[in-house]
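Numbers here are sequence positions counted from 1. No experiment lies behind these values; they were computed from the predicted model shown.
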Amino acid sequence: MNEYLSVFYRVSERWPQMDYHSHQEYEIYFFHSGSCRYLIHNQIYDLEPGDILLMDGMALHKANIPNNCEYVRSVLHFSPHWIKGVLNELGGMYLLNVFDTLHHCLIRTKENDESKGLEKLFLQLEEVSRSQYLGNKHAETEQKILLLQILVIVNRLGQLDSIQPPSNKVEKTYHAEKIATYIQKNYMSKLTIDSIAKTLSLSKSYVSHVFKEMTGFTVMEYVMGCRLTQVKYLLEMEPDKSLKDIAFECGFESVSHFSRYFKEKVGVTAKEFRQKRLKLYSEENG
């Protein structure tokens, strides 16, 4: 796949990156079958076949899959900068509004005819993406055409009163979301399970248990994930800010810990990540 678009149709294997993560690309996630509870930012969604999740990518997200359960989904990542030129020419910039304004949402299609048409486009897009390695000179043009069709259908599905507001939530979901919200607002401070539990008037053991059960994260994994997400944002959006300042601003207590953690989770150093993102941005806008 190219750097600006990747698509995986009806995959069932569990990827290493199913750990908590965020990314710069927009994502269209299409759930087909099995069992999945999905955490995005501070919302927990119990998915049904045909559900579509739209994400701007920067919100921390993770699929929580029970052991020995089926898990079939299609996943599309794309760079908004890569497609904006075409959208602008066609007057279609509104197709990105849902990503830009809501940041993430659930569309419940109930596997209707539109969703079946969308699934076929995912398959076509994956086939075209693979063909570029077989010498298809028109692959990028075809990719953009198919992505436009996907965005049109997703937009239409979203207009059919199918974007789901959070329903009445069970107590465990309510508390897990409350914990996530507190962490997102305070990740830059020194946080412990004990301090979180006291602030929210919950027991320490309950905080640990309910958050892990409902999200698939431990509390401290989620704290560190929130910090990492903000670091990645600042590395790109504030290119002149020092790595040391970014580390402390995002809640890391030492530069050495920050450096080790970033390399472990992202696979490159923070400096390399910044250089790559700035280079990619300049190419997209060149």
Side-chain angles (χ1 to χ4, degrees), residues 1 5-15 18 25-57 59 61-66 69-78 80 83 86-87 90-130 142-170 173 177 214:
M1 311 299 170
L5 179 142
S6 63
V7 58
F8 302 91
Y9 174 71
R10 275 196 166 277
V11 290
S12 56
E13 63 267 24
R14 304 192 181 201
W15 298 327
M18 281 171 61
E25 297 75 29
Y26 290 173
E27 178 172 342
I28 301 174
Y29 169 102
F30 197 166
F31 182 67
H32 299 302
S33 64
S35 180
C36 178
R37 177 179 290 141
Y38 212 103
L39 169 72
I40 312 175
H41 194 50
N42 59 1
Q43 291 290 313
I44 297 171
Y45 300 102
D46 286 295
L47 299 184
E48 300 175 4
D51 280 357
I52 297 168
L53 289 170
L54 307 180
M55 307 174 233
D56 69 0
H61 53 280
K62 181 182 187 294
N64 187 13
I65 317 299
C69 279
E70 182 185 39
Y71 176 46
V72 182
R73 73 283 186 200
S74 297
V75 182
L76 168 61
H77 291 170
F78 68 95
I83 197 67
V86 177
L87 289 175
L90 298 174
M93 289 296 288
Y94 69 93
L95 294 172
L96 298 181
N97 285 351
V98 66
F99 300 94
D100 296 331
T101 58
L102 291 181
H103 304 295
H104 58 87
C105 71
L106 167 68
I107 299 175
R108 183 144 282 165
T109 71
K110 301 289 187 182
E111 297 186 298
N112 60 18
D113 290 341
E114 285 269 54
S115 77
K116 291 172 184 173
L118 184 65
E119 187 174 340
K120 290 177 182 177
L121 288 171
F122 265 79
L123 174 58
Q124 286 179 264
L125 184 55
E126 185 186 60
E127 290 172 344
V128 168
S129 297
R130 294 188 188 283
E142 292 179 52
Q143 286 173 326
K144 287 185 175 180
I145 291 169
L146 289 166
L147 178 56
L148 284 172
Q149 291 178 269
I150 287 170
L151 289 172
V152 167
I153 290 179
V154 166
N155 184 72
R156 190 154 56 228
L157 284 166
Q159 301 301 316
L160 300 174
D161 297 323
S162 53
I163 291 184
Q164 296 295 299
S167 56
N168 291 329
K169 297 180 182 294
V170 298
T173 301
E177 291 184 347
M214 300 306 292

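- Using cut-offs of 30° and 60° for the angle between ring planes, the Tyr38 and His61 rings count as parallel.
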Would Leu146 and Val7 count as a side-chain contact (heavy atoms from CB on, under 4.5 Å) here? Give the steps. CA-CA 12 Å; Leu146 289 166; Val7 58; over 6 Å; no
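- Using a 4.5 Å heavy-atom threshold, the side chains of Phe122 and Leu76 count as touching.
- Across all their heavy atoms, Tyr29 and Cys36 have their closest contact at OH-SG, 3.8 Å.
- Leu96 CG to Thr101 OG1: the interatomic distance, rounded to the nearest 0.5 Å, is 10.5 Å.
- His32 meets the side chain to side chain contact (heavy atoms under 4.5 Å, CB included) test with Arg10, Phe30, Val72, Ser74, Glu119; sequence neighbours excluded.
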Evaluate side-chain contact (heavy atoms from CB on, under 4.5 Å) for Leu39 paired with Asn64, printing each intermediate quantity in order. CA-CA 8 Å; Leu39 169 72; Asn64 187 13; over 6 Å; no
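- With rounding to the nearest 0.5 Å, the separation of CD1 in Ile28 from CG in Leu54 is 6.0 Å.
- Between the Arg37 side chain and the Tyr45 main chain, no donor and acceptor come within less than 3.5 Å of each other.
- The shortest non-hydrogen separation linking Cys105 to Val98 is SG-CG2, 3.7 Å.
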In sequence, state the C-alpha distance, the side-chain angles, and the governing distance for Leu118 and Ile52, and then conclude on side-chain contact (heavy atoms from CB on, under 4.5 Å). CA-CA 10 Å; Leu118 184 65; Ile52 297 168; 3.3 Å; yes
Is there a side-chain contact (heavy atoms from CB on, under 4.5 Å) between His103 and His41 once you walk through the steps? CA-CA 9 Å; His103 304 295; His41 194 50; over 6 Å; no
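- Atom OG of residue Ser33 and atom CG of residue Leu47 lie 11.5 Å apart, to the nearest 0.5 angstrom.
- A donor-acceptor contact under 3.5 angstrom links the side chains of Gln143 and Ser129, judged on distance only.
- Not one N or O on the side chain of Glu25 forms a donor-acceptor pair closer than 3.5 Å with the backbone of His77.
- Relative orientation of the Phe99 and Tyr26 rings is parallel, given thresholds of 30° and 60° on the angle between their planes.
- In this structure, Glu177 contributes its side chain and Ile44 its backbone to a donor-acceptor pair below 3.5 Å.
- Here the straight-line distance linking atom OG1 of Thr109 with atom CG of Asp51 works out to 6.5 Å at 0.5 Å rounding.
- Between Pro49 and Glu111, the shortest heavy-atom contact is O-CG, 3.5 Å.
- Between the OG1 atom of Thr173 and the CG atom of Asp46 there is a distance of 6.0 Å, given to the nearest 0.5 Å.
- Residues His104 and Leu53 fail the side-chain proximity criterion, which asks for heavy atoms closer than 4.5 Å.
- Not counting sequence neighbours, the partners of Glu48 by the salt bridge (charged side-chain N to carboxylate O under 4.0 Å, His left out) test are Arg108, Lys110.
- Looking only at side-chain heavy atoms (C-beta outward), Leu148 and Leu90 come within less than 4.5 Å of each other.
- Counting only residues at least two apart or on different chains, the salt bridge (charged side-chain N to carboxylate O under 4.0 Å, His left out) pairs with a member in residues 142-153 are Glu140-Lys144.
- Atom CD1 of Ile153 sits about 5.0 Å away from atom CG of Leu121, to the nearest 0.5 Å.
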